[in-house]
Student: 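Once you've had a glance at the structure underneath, I'll fire off some questions.
Counting starts at 1 for both ligands and their atoms, in listed order.
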Amino acid sequence: MFGKNTITITDNRTGKAYELPVESGTIRALDLRKIKTDENDFGLMTYDPAFTNTASCKSAITFIDGDKGILEYRGYPIEELAEKSTFLEVAWLLLKGELPTAAELKEFTHHVSIHTYLHENLKKLMEGFRHDAHPMGMLLSTVGALSTFYPDAKQIFDAKSRNHHVIRLIAKMPTIAAFVYRHSIGFPYVYPDNELSYTGNFLSMMKKMAEPRYVVNPVLERALDVLFILHADHEQNCSTNAMRSVGSAHTDPYSSVAAATAALYGPLHGGANEAVLRMLHELGDIKNVPAFVKDVKEGSGEKRLMGFGHRVYKNYDPRATVIKKLAEQVFEVTGKNPLLAIALELERIALQDDYFVKRKLYPNVDFYSGLIYEALGFHSDFFTVLFAIPRTAGWLAQWQELLSDADQKIARPRQVFTGSPRRSYVPIEKRELTRS
Ligand code: SDX
């Protein structure tokens, strides 16, 4: 009886037993519909708000073991990629499934470098934003607007066209981000310098002033490239779920990336790096840490230790470990961020406090990244833009995988209806009388 890849469910409402196949540690939710009380019964569904225990897809891109704190892109450990790879090489790996050959990487890098410019009309669109418009609001709007410049992007099943727009998005996200930043500080836009590296060009578009050519600091250029590697993908996170859900309607990639960017904007997701810096600035001094931690523990959940906790990691986020080391290298160039001492004290207390230990709350990718971004001179409301740039490669890899998955169709969850039973229309003159 044992050793079979099935489970048997006994429905105690009817006494009937059902044997369901188990595949990859899951049962097909649709198999539950066989479990009925009578012929008129719709059959069982699962109720899983926020998909805490639901696999929405099969994917070969990123593997996470939350208990062991493991993260691998296409089988390669994140720690090795952060040490030995580059963001564009990792983008290729995520998209194609293998590390590129030297020729493939050279060609990919060339194609990305010649697609960094934006249509001049987009500058007029961006001029319409207030000077204090949030950079993420500008980014998601401008990416969405890009879809109107490339109507052929709708040909999502034409592999050549699809690949062209994947490259365009990876190439243009840094340019849009840099233009957004320059708009927010009232500086003229700096056009791409295609002789520079992906992150070198981005820093040039962000920082260049009157000098003939921006001189890239190699330590900062590499630090940003490593941060981009660490943020490139993370399996079925909230924004990737948005990318897949919108993409399942066969929406073009620009509009789908705009939707994913909107999800990343949320403070519980990519917006957490900005929230961490706000939290550290509000703390202001290491002596305020104990009282803050007490508030978090005794509150009803509205005050959180931002940058801590994760739906999947119930151990240290391996990206946080790499970022923490990277911070020291950056601070040697930029000078130590005074908020680091407060962050380290928050971590020290949290890792020994039962409230956090019991809930397995550890620093995640957002806890230390903001300290580096601030040391690089970026405003905190720009931090999530720095997350969106590299994550575009992951979103596009997941989107491509969705389109080639025969199991997939338009995403359309069910619901448990808790509303009013059927009732007749009430004429307006009688309504006050009937409202309970
Ligand atoms: C990212 O999914 C991904 O992969 C995302 C990401 C990626 O690369 O795409 O890794 C990037 O989004 C990282 C997470 C960034 N967000 C934050 O740092 C915001 C602070 N953290 C949380 O709000 C929270 O930890 C989440 C949203 C990240 C995870 O939330 P879950 O899995 O839904 O957990 P939960 O909200 O149900 O919390 C479980 C318990 C609760 O307490 P009880 O109700 O059991 O008493 O833990 C508590 C929560 O109140 N809790 C926290 C906490 N996070 C959870 N308490 C204090 N501080 C926190 N940060």
Student: Within this structure, what is the CG-CD distance for the pair Asn288 and Glu345, rounded to the nearest 0.5 Å?
Tutor: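 Taking CG in Asn288 and CD in Glu345, the distance rounds to 11.5 Å.
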
Student: Report yes or no: does a heavy atom of Glu235 sit under 4.0 Å from some atom of ligand 1?
Tutor: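 Outside the 4.0 Å threshold, so no.
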
Student: Quick check against the 3.5 Å criterion: does Ser59 have a side-chain atom that pairs as donor or acceptor with the backbone of Ile61?
Tutor: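 Yes, the answer is positive, given that a donor and an acceptor are paired below the 3.5 Å cut-off.
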
Student: Knowing that exactly one of Val365, Leu71, Asn364 qualifies, which makes a side chain to side chain contact (heavy atoms under 4.5 Å, CB included) with Tyr313?
Tutor: Leu71

Student: For a quick check under 3.5 Å, do Thr54 and Asp48 share a side-chain donor-acceptor pair by atom type?
Tutor: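 Short answer, yes.
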
Student: Tell me which protein heavy atom sits closest to atom 47 (O) of ligand 1, plus the residue, atom name and distance to 0.1 Å.
Tutor: Arg359 CD, 3.5 Å

Student: Determine which pairs satisfy ring pair (Phe, Tyr, Trp, His ring centres under 6.0 Å) with at least one residue from residues 248-274, sequence neighbours left out, and list them in order.
Tutor: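 Those involving residues 248-274 are His134-Tyr265, Tyr150-Tyr254, Phe157-His250, His165-Tyr254.
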
Student: Say you draw a straight line from CG of Leu227 to CZ of Phe87; how long is it, rounded to the nearest 0.5 Å?
Tutor: 12.0 Å

Student: Among all protein heavy atoms in this structure, tell me which lies nearest to atom 6 (C) of ligand 1, with the distance rounded to 0.1 Å.
Tutor: His310 NE2, 3.7 Å

Student: Tell me the nearest of His231, Arg391, Arg311, Arg304 to atom 7 (C) of ligand 1, using heavy-atom distances.
Tutor: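 The option holding the nearest heavy atom is Arg391.
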
Student: How does Thr52 reach ligand 1, by side chain, by backbone, by both or by neither, if only non-hydrogen atoms under 4.0 Å count?
Tutor: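 Thr52 to ligand 1: no contact under 4.0 Å from either part.
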
Student: Which residue and non-hydrogen atom of the protein lie closest to atom 4 (O) of ligand 1, and at what distance in Å?
Tutor: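 Of the protein heavy atoms, His234 ND1, 2.6 Å lies nearest.
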
Student: Among protein heavy atoms, which lies nearest atom 51 (N) of ligand 1, and at what distance?
Tutor: Leu361 CD1, 3.8 Å

Student: Scan residues 125-134 for pairs that pass salt bridge (charged side-chain N to carboxylate O under 4.0 Å, His left out), counting only residues two or more places apart or in two chains.
Tutor: Arg130-Asp132

Student: Should you measure from each heavy atom of Ala272, which atoms of ligand 1 turn up under 4.0 Å away?
Tutor: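 Counting atoms of ligand 1 from 1, those under 4.0 Å from Ala272 are 15 (C), 16 (N), 17 (C), 18 (O).
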
Student: Please work out, at 4.0 Å between heavy atoms, whether the side chain, the backbone, both, or neither of Arg319 comes within that distance of ligand 1.
Tutor: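 The answer is the side chain.
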
Student: With respect to Leu305, determine whether any N or O atom, backbone or side chain, lies less than 3.5 Å from an N or O atom of ligand 1.
Tutor: yes

Student: For atom 54 (N) of ligand 1, is the nearest protein heavy atom closer than 4.0 Å?
Tutor: yes

Student: Mind checking whether Leu268 has an N or O less than 3.5 Å away from an N or O of ligand 1?
Tutor: yes

Student: Is there any N or O on Gly307 that sits under 3.5 Å from an N or O of ligand 1?
Tutor: yes

Student: In terms of ring plane angle, is the pair His119 and Phe149 parallel, tilted or perpendicular, where the classes change at 30° and 60°?
Tutor: tilted

Student: Mind checking whether Asn237 contacts ligand 1 via backbone (N, CA, C, O), side chain (CB onward), both or neither, at a 4.0 Å heavy-atom cut-off?
Tutor: both

Student: Under the 4.0 Å line, does any protein heavy atom show up next to atom 58 (N) of ligand 1?
Tutor: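 So far as the 4.0 Å threshold goes, atom 58 (N) of ligand 1 is in reach of a protein heavy atom.
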
Student: Of all the heavy atoms in Gln236, does at least one lie under 4.0 Å from an atom in ligand 1?
Tutor: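 Per 4.0 Å heavy-atom rule, Gln236 does not contact ligand 1.
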
Student: Side chain, backbone, both or neither: which applies to Val296 and ligand 1 if a contact is any heavy-atom pair less than 4.0 Å apart?
Tutor: side chain

Student: So, the side chain of Ser147 versus the backbone of Ser255: is there a donor-acceptor pair under 3.5 Å, distance only?
Tutor: no

Student: Among all protein heavy atoms in this structure, tell me which lies nearest to atom 14 (C) of ligand 1, with the distance rounded to 0.1 Å.
Tutor: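 That would be Asn364 ND2, 3.6 Å.
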
Student: Which residue supplies the protein heavy atom nearest to atom 21 (N) of ligand 1, what is that atom called, and how far is it?
Tutor: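 Ranking protein heavy atoms by distance from atom 21 (N) of ligand 1, first comes Phe308 O, 2.9 Å.
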
Student: Among all protein heavy atoms, pick out the one at the shortest distance from atom 12 (O) of ligand 1; state its residue, atom name and that distance to 0.1 Å.
Tutor: His269 ND1, 2.9 Å

Student: Parallel, tilted or perpendicular: which one describes the rings of His310 and His234, with boundaries at 30° and 60°?
Tutor: perpendicular

Student: With a 4.0 Å cut-off on heavy atoms, is Val312 in contact with ligand 1?
Tutor: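 Judged by the 4.0 Å heavy-atom criterion, Val312 does not count as contacting ligand 1.
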
Student: Quick one: which of Tyr355, Phe387, Phe367 has a heavy atom closest to atom 56 (N) of ligand 1?
Tutor: Tyr355

Student: Indicate whether atom 34 (O) of ligand 1 is within a distance of less than 4.0 angstrom of some protein heavy atom.
Tutor: no

Student: Do the ring planes of Phe356 and Phe308 sit parallel (below 30°), tilted (30 to 60°) or perpendicular (above 60°)?
Tutor: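 Phe356 vs Phe308 ring planes: perpendicular.
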
Student: Can you tell me if Arg13 has over 12 outside heavy atoms packed within less than 6.0 Å of its CZ?
Tutor: yes

Student: If you have a sec, work out which protein heavy atom is nearest atom 15 (C) of ligand 1 and how many Å separate them, to one decimal?
Tutor: Asp366 OD2, 3.2 Å

Student: Taking the basic N atoms (NZ, or NE/NH1/NH2) and the acidic carboxylate oxygens, is any pair closer than 4.0 Å for Glu401 and Lys58?
Tutor: no

Student: Taking the six-membered ring of Phe378 as reference, does the NZ or CZ atom of Lys207 fall below 6.0 Å from its centre and within a 45° cone about the axis?
Tutor: yes

